[in-house]
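All remarks here apply to the structure that follows.
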Amino acid sequence: MTTELQKDIRIAGLSVGYRSRQIIHDLTMPPLRKGTITALVGPNGAGKSTLLRALAGLLPAKGAIHYGEDDLVKMRMAERARLVAFMPQALPQSVALSVLEGVLSALKASPVAARIDSAQAAREMAVAVLNRLGIASLALEPLDRLSGGQRQMASMAQAIVREPEILLLDEPTSALDLRHQVDVMGMAREVADSGAIVIVVLHDLSLAARWADQVMILDRGRLVAAGAPEDAITPEVLARVYHVNARVERCSNGSVQVLVDGPLTEPVL
């Protein structure tokens, strides 16, 4: 029998695309382990968001995505929704709900709802999540009147209130200022530390190196490098994937920093 500690995600031979255009090509990845954050990075069009949407069940896929003994590819959407929470790049524009109502709706649609014995308890749980993200002051604001960054924070609240076993975050910091980037990634860390698998698409390599336990670099639908940040993010890989001259150095607190000096004049094969 598979134990909780063995419930990693294992991706093998995965292919994903849109109609006739294939984006992910026969992808096999190292295990994505419980209690960790995995950052998916790579240039535009590398397949990062496509992979995340396939993990969420929003795109058809061929191959295997094993979670313990279960194959998410073959799992019905309702079953997958009990395990997985997906934060998209942006919430739909025409949502006539307040921030609090959006979080309550996400809570009611999750397995967590079975443990809640009253509307007041559900409200307290939703408000607690908003407080943890520092956006309780937005609780009664309509979602369709928020700024892009505020909408991202509200979307994060909807995802984490579900207490998922697998949390998928698609560019959660792209519209956020520095403080809220720290809030979101700190919350991702808390979710991982609680035992979940967190997979996050990021463009900021230094942010990925700071918060992720492992980094997977994609390019044109294929895995180029994977491992701890200091192992996956190297000048050679950055030259090959991003076509830049870059230095990878450690700052005074030991974090990996990526410093781009300029574009390459000739492509790296």
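Only a predicted model underlies this, so the values are computations on that prediction, with no experimental measurement involved. Residue numbers count from 1 along this sequence.
- Counting heavy atoms from C-beta on, the side chains of L59 and T50 come closer than 4.5 Å.
- Looking at Q152 and S174, their side chains do bring a donor and an acceptor atom within 3.5 Å of each other.
- The shortest side-chain heavy-atom distance between L223 and I217 does not fall under the 4.5 Å cut-off.
- There is no side-chain donor-acceptor pair under 3.5 Å between S15 and D26.
- Note that the CE atom of M153 and the CD atom of Q150 stand 9.5 Å from one another [nearest 0.5 Å].
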- Show your reasoning for whether side-chain contact (heavy atoms from CB on, under 4.5 Å) applies to V224 and R240. CA-CA 9 Å; V224 175; R240 175 183 169 191; 3.7 Å; yes

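- With rounding to the nearest 0.5 Å, the separation of CD1 in I11 from CG in L27 is 6.0 Å.
- A search for salt bridge (charged side-chain N to carboxylate O under 4.0 Å, His left out) contacts involving R53 returns nothing, not counting sequence neighbours.
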- Task: Apply side-chain contact (heavy atoms from CB on, under 4.5 Å) to L51 and V16, showing your working.
- Result: CA-CA 7 Å; L51 175 57; V16 189; 5.6 Å; no

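- A donor-acceptor pair under 3.5 Å links the side-chain atoms of Y242 to the main chain of G42, judged by distance alone.
- There is no side-chain donor-acceptor pair under 3.5 Å between S98 and E141.
- Considering all non-hydrogen atoms of both residues, A121 and S118 come closest at N-OG, 3.0 Å.
- Here the CD-CD1 distance, from Q257 to I233, works out to 10.0 Å after rounding to the nearest 0.5 Å.
- L238 has its side chain out of reach of V260: every pair of non-hydrogen atoms, C-beta onward, lies at least 4.5 Å apart.
- Side-chain N or O atoms of Q22 include one that pairs as donor or acceptor with a backbone N or O of I24 at under 3.5 Å.
- Legend: residues meeting salt bridge (charged side-chain N to carboxylate O under 4.0 Å, His left out) with R115, ordered by chain and number and at least two apart, are E163.
- The structure places NZ of K34 at 8.5 Å from CG of D8, a figure rounded to the nearest 0.5 Å.
- Put simply, the side chain of L168 reaches to within 4.5 Å of the side chain of V84, judged on heavy atoms.
- For the atom pair E165 CD and L83 CG, the distance stands at 5.0 Å (nearest 0.5 Å).
- V161 places none of its side-chain heavy atoms less than 4.5 Å from the side chain of V112.
- In this structure, A232 and A226 approach most closely via the heavy-atom pair CB-C, 4.0 Å.
- If you take CG on L32 and CD1 on I166, they are separated by 9.0 Å, rounding to the nearest 0.5 Å.
- Every side-chain contact (heavy atoms from CB on, under 4.5 Å) that E230 has, sequence neighbours left out, goes to A228, R250, V256.
- Here the side chains of I9 and H66 are not in contact, with every heavy-atom distance at 4.5 Å or above.
- Scored by the salt bridge (charged side-chain N to carboxylate O under 4.0 Å, His left out) test, D183 finds R179 as partners (sequence neighbours excluded).
- Of the candidates V200, V201, L167, V200 is the only one forming a side-chain contact (heavy atoms from CB on, under 4.5 Å) with P172.
- R123 is listed as a side-chain neighbour of L100, based on a closest heavy-atom distance under 4.5 Å.
- R247 has a carboxylate O that lies under 4.0 Å from a charged side-chain N of D261, or vice versa, which qualifies the two as a salt bridge.
- By the salt bridge (charged side-chain N to carboxylate O under 4.0 Å, His left out) test, D213 is found to be paired with R189, residues two or more places apart in sequence or in another chain being considered.
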- Would you sort out whether R10 and R33 count as a side-chain contact (heavy atoms from CB on, under 4.5 Å), showing the intermediate values? CA-CA 9 Å; R10 298 175 184 270; R33 302 193 181 283; 4.0 Å; yes

Going by atom type alone, with no hydrogens or angles, which donor-acceptor pairs under 3.5 Å involve a side-chain atom of residues 202-211 and a protein atom two or more places apart or on another chain?
unit_1, atom_1, unit_2, atom_2, d
D204, OD1, S206, N, 3.0
D204, OD1, L207, N, 3.0
S206, OG, V258, N, 3.1

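- Between M87 and S155, the closest heavy-atom pair is CG-OG, 3.3 Å.
- Taking all atoms of both residues into account, the shortest heavy-atom contact from P43 to D219 is CG-OD1, 3.6 Å.
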- Start with the C-alpha gap between K7 and E69, add the side-chain angles, then the distance that decides, and say whether salt bridge (charged side-chain N to carboxylate O under 4.0 Å, His left out) holds. CA-CA 8 Å; K7 270 197 166 183; E69 295 178 346; over 6 Å; no

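- Side-chain N or O atoms of T173 include none that pairs as donor or acceptor with a backbone N or O of Q181 at under 3.5 Å.
- Residues L14 and I65 form a side-chain contact, since some pair of their non-hydrogen atoms from C-beta on lies under 4.5 Å apart.
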- For the pair V198 and T38, evaluate side-chain contact (heavy atoms from CB on, under 4.5 Å) and give the outcome as yes or no after the intermediate values. CA-CA 6 Å; V198 178; T38 297; over 6 Å; no

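- Of all heavy-atom pairs spanning G63 and D71, the tightest one is O-OD2, 4.2 Å.
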